[in-house]
Structures are given as C-alpha cells and as structure tokens.
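In this text, all values refer to a predicted model and were calculated from it rather than measured experimentally. We count ligands from 1, going down the list as the structure has it; atoms in each ligand are counted the same way.
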Amino acid sequence: MRKRSDKVKVILVVGARPNFMKAAPIIQALRKYLDEIEHILVHTGQHYDFVMSQIFFQDLQLPQPDEYLNVGSGTHAEQTARTMIAFDRVVQEVCPKLVIVVGDVNSTLACALVCAKRGVDIAHVEAGVRSFDMAMPEEVNRLLTDQVARILFTPSQDANDNLAREGIPPERIHFVGNVMIDSLMASVAQIERREILTSLDLNGKPYVLITLHRPSNVDNPDHLGVLLDSMAKLANGVAVVFSIHPRTRKRIQEFGFSGHLEQVANLYPIESLGYLDFLALMKSADVVLTDSGGVQAETTFLGVPCVTVRPSTEWLVTLTSGTNQLVDCNQGEIIAVVETLLNNPIQKHSIPTMWDGRTAERIVEVLKQCYGEG
Ligand code: UD1
Ligand code: UDP
C-alpha cells in the first residue's frame with residue numbers, strides 16, 4: 001500500500017509509442033510542484049518491444065514507470081479489457097484525484113473508462129482532434145475519451161470548435177497547444193550528435209523518409225503492395241528510408257512481401273527507430289511519406305514536406321497552415337506528389353498557434369488552478 005499524503009495525487013498514463021513524447025514534458029512540468037502534486041507514471045504495456053517503448057524512456061529521459069501493467073497485444077476488445085482490469089486495480093490502490101491520459105490509443109480510452117466508472121477526474125491531452133472517420137479505431141477512442149473527460153486540453157482551434165459542436169461545456173476546454181512540440185523543441189539540439197545519417201550514408205544526399213502503420217494501409221494486402229511498390233519505384237530516383245513499425249513488419253511477412261524490400265538499390269528498410277534518431281532523419285528529409293498522426297504535426301513544425309497516405313486527417317491545421325497533404329493509396333498519385341515536392345520544396349508554411357514548447361507548462365497551470373489549495 002502507498003503512504004497517504006496531503007498532496008494531490010495524479011496518475012499519468014502511457015502505453016504506446018506516440019504517448020511517450022506527449023507525457024515527457026508533462027512530467028517535467030509536474031516535477032516543479034512536487035510539494036503540491038504527487039505524480040505516478042503508469043505504463044500499460046500496450047507497446048513493449050525495446051524500440052517501441054524502452055528506447056523512448058532513454059531518449060526522452062523519462063523516469064521508469066511506477067506501475068507496469070503488461071497488457072501486450074490482442075484484439076481491440078482483449079487489449080482494452082485487459083487494460084481496464086489492470087488499471088482499475090491501480091486506481092483502487094492509489095485513489096488518485098486525477099488521471100491524465102494522452103492521445104488516442106486503446107490505453108487512452110481504457111483508462112478513461114475506468115476513471116469514469118470510478119468517479120475519478122480525467123484530463124485528456126490532445127482532446128478535440130477529429131478525422132471524422134469512424135472506421136479508424138483512434139476516432140472512436142478520441143470521441144469517447146472526450147465525452148468522459150472533465151478537463152480537455154486542445155492543441156488547435158479546430159479542436160476547440162469540434163468539442164463545442166459536440167456539446168462539451170466551454171469551461172472544460174483549455175486551448176494549450178501541442179505538447180508533442182514541447183518534446184521536439186527540447187530534443188532538437190541533441191540530434192546533431194546522432195550518427196544515423198552517417199550510418200545510412202545519407203549525409204548531404206536527398207532522401208524520402210517513410211513510416212506507415214495504419215491498419216487501413218498495412219493490413220490490406222492490396223494497399224500494402226501498392227505502398228511497397230511505390231517505395232521501390234521512388235528509390236529509382238532518390239534514397240528511401242523505410243522505418244518499419246512492428247504491425248507493418250508482421251504484415252509484410254504474413255503476405256509474403258519480404259522480397260519487395262530486398263536488394264532494391266537506394267531503399268533502406270530499417271527497424272523502427274528511437275525518438276532522437278527518427279527526429280534526426282525527419283529534420284533532414286526532403287519529403288516524409290507517412291500515415292502517422294504525430295509525424296504530420298512534427299513535419300509541419302519542422303517545415304518538412306509531408307505526404308500522408310490517408311483519406312482524412314485529425315490534424316487539420318497541418319493541411320491548412322502546415323506542410324502536409326493527403327494522397328490516396330495509389331502508386332501513380334503517391335509518386336507524382338512526392339516527385340513534385342522533391343523538385344519544388346514547399347516555400348510557405350506557418351507554425352500553428354501555441355506550438356511553442358510551453359504547452360506542458362500551460363497544462364500544469366490549469367491543473368493547479370483546478371486542484372490547488374481549497
Ligand atoms: C497503436 C495505436 C495507434 C497508434 C500506434 C502507434 C490503437 C488502437 N492503435 O497501433 O493509434 O498510431 O499504436 O504506433 O491503440 N507489436 C509488436 N511489438 C510491440 C507492439 C506491437 O510486435 O511492442 C505488434 C503486435 O503484433 C501487435 C501489432 O504490432 O498485434 C499492433 O499493435 P497495437 O498496439 O495493437 O496497435 P498498433 O498498430 O501498434
Ligand atoms: N517515431 C519514432 N520512431 C519511428 C517512427 C515514429 O520515434 O520509427 C515517433 C514520431 O517522431 C512521433 C511518434 O513516434 O513522435 C508518432 O508515433 P506513431 O507514428 O507510432 O503514432 P501516431 O502518431 O500515428 O499515433
């Protein structure tokens with residue numbers, strides 16, 4: 001049993017790769033108030049490979065989790081249910097005043113649901129973003145988490161508008177900016193020391209960086225085939241680095257597609273990377289081809305052209321003022337758009353409001369107002 005104390009107890013939940021860079025700045029900001037707020041880090045274990053989890057603790061200087069729930073992989077129902085059962089025990093033991101969840105993965109919704117049922121306050125970081133595509137598991141997670149959250153921290157004006165339209169009372173919505181950008185800004189100076197460009201022999205060369213893991217792209221053999229063929233075709237003219245997510249690696253093997261990636265000159269298929277190496281590659285890339293949510297936001301901040309293989313995006317602001325554009329999963333379209341960008345890099349873009357490295361500070365300020373003395 002934990003010791004009782006007068007401090008406000010806050011649990012922060014992480015579970016999957018895109019959670020770690022969102023949680024790190026919040027922990028950093030909470031550390032300034034250790035006399036008032038006790039924070040407990042819970043890792044659900046949704047992602048567990050070294051390159052999907054532990055490496056981010058090193059790269060982002062995260063403390064080791066206080067609780068590791070070891071939920072692992074499974075169907076959506078299995079993963080969500082296992083997380084709920086394990087997290088419920090933690091909530092029962094710790095009795096937190098507030099649980100902070102970030103993003104839109106299954107761990108986010110599972111832990112939010114536990115809190116809703118136990119009457120524990122929830123703060124959702126990255127609330128309000130919407131792709132309006134209910135076929136995406138993440139859209140379901142976002143919508144439901146926002147419905148049960150008491151405090152909704154939004155990254156952009158369109159997110160505020162979405163929440164208002166969904167009937168969330170304005171006093172629950174706090175526009176704080178994009179917390180991923182806090183991590184990016186804090187890490188960017190470190191990437192000069194990374195050797196990833198040298199080890200891939202990319203220094204001074206143009207290249208396209210690719211990361212893909214959405215089920216709609218990689219679980220469908222026709223779509224995955226198109227994507228792998230597009231990479232091989234692009235590699236005729238420019239170096240192509242493909243950071244392979246474990247879901248994608250599994251599907252490549254299952255569909256018998258490993259040959260697509262073998263012995264293609266200029267195509268470098270590599271295991272997915274830690275945060276700093278990926279950031280180093282992203283910053284110097286000529287074009288990034290992706291279906292990741294976070295990468296769309298990071299490329300907008302870095303001013304790197306981004307091509308997103310999806311019919312819609314929850315990061316609307318990356319289309320309206322950033323460097324992002326959407327393409328269909330179609331070889332001709334992907335190649336034409338990437339080649340156009342290689343020949344004419346985007347000139348104009350702007351950084352969205354409050355993507356300034358101070359989002360976590362604003363989050364903790366709001367929490368102090370809500371849970372401070374009295
Ligand atoms: C999850 C999130 C997605 C997020 C992505 C970030 C949900 C519904 N999906 O998708 O929103 O964009 O993380 O990367 O929460 N696997 C491993 N090792 C690991 C983790 C996963 O081998 O450490 C393999 C397993 O075969 C697993 C598969 O990847 O079945 C998918 O993992 P899962 O967490 O279910 O979904 P992601 O596709 O990673
Ligand atoms: N990322 C990483 N290594 C990689 C690919 C991505 O560190 O090989 C980082 C990326 O910079 C961003 C985050 O992972 O910070 C995005 O997570 P992911 O694409 O897994 O999930 P999504 O954002 O789509 O939910």
Test of understanding: clusters of I, L, V, M, F, W, Y form through side-chain heavy atoms closer than 4.5 Å, transitively. Do L319 and V287 belong to the same one?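 No.
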Give a yes or no on whether a salt bridge exists between [X] and [Y], defined as a side-chain N under 4.0 angstrom from a carboxylate O.
| X | Y | answer |
| --- | --- | --- |
| E365 | R362 | no |
| D121 | K97 | no |
| R130 | D158 | no |
| D291 | R310 | no |

To check your reading of the model: name the closest protein heavy atom to [atom], its residue, and the distance in Å.
| atom | result |
| --- | --- |
| atom 22 (O) of ligand 1 | P246 CB, 3.4 Å |
| atom 8 (C) of ligand 1 | N106 OD1, 3.2 Å |
| atom 16 (N) of ligand 1 | Y48 OH, 3.5 Å |

With a 4.0 Å heavy-atom cut-off (strictly under), which part of [X] contacts ligand 1: side chain, backbone, both or neither?
| X | value |
| --- | --- |
| P18 | side chain |
| R247 | both |
| K250 | side chain |

Per-ligand residue contacts, ligand 2, heavy-atom threshold under 4.0 Å: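 Around ligand 2, where the cutoff is 4.0 Å for heavy atoms, the contacting residues are R17, P18, M21, F56, M180, H213, R214, S243, S272, L273, G274, Y275, F278, M282, S292, G293, G294, V295, E298.
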Flag if over 12 foreign heavy atoms under 6.0 Å of CD, E166: yes
Hey, is CZ on R358 packed in by over 12 heavy atoms from elsewhere, all under 6.0 Å? no
Would you confirm whether the ring centroid of Y48 sits within less than 6.0 angstrom of the ring centroid of H43?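 Distance test on ring centres: not under 6.0 Å, no.
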contact_flag R214 ligand 1 heavy-atom lt 4.0 Å: yes
Among Q79, Q46, H47, which one satisfies side chain to side chain contact (heavy atoms under 4.5 Å, CB included) with S107?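 Answer after filtering Q79, Q46, H47: Q46.
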Shortest reach to [atom] by a heavy atom, considering only [options]:
| atom | options | result |
| --- | --- | --- |
| atom 30 (O) of ligand 1 | G15, S73, S272 | S73 |
| atom 37 (P) of ligand 1 | H245, Q54, M52, H213 | H245 |
| atom 2 (C) of ligand 1 | V105, V218, V295 | V105 |

Can an N or O of H76 be found at a distance shorter than 3.5 Å from an N or O of ligand 1? no
Show the numbers, then the answer: is there a side chain to side chain contact (heavy atoms under 4.5 Å, CB included) between N324 and T299? CA-CA 8 Å; N324 191 22; T299 46; 5.6 Å; no
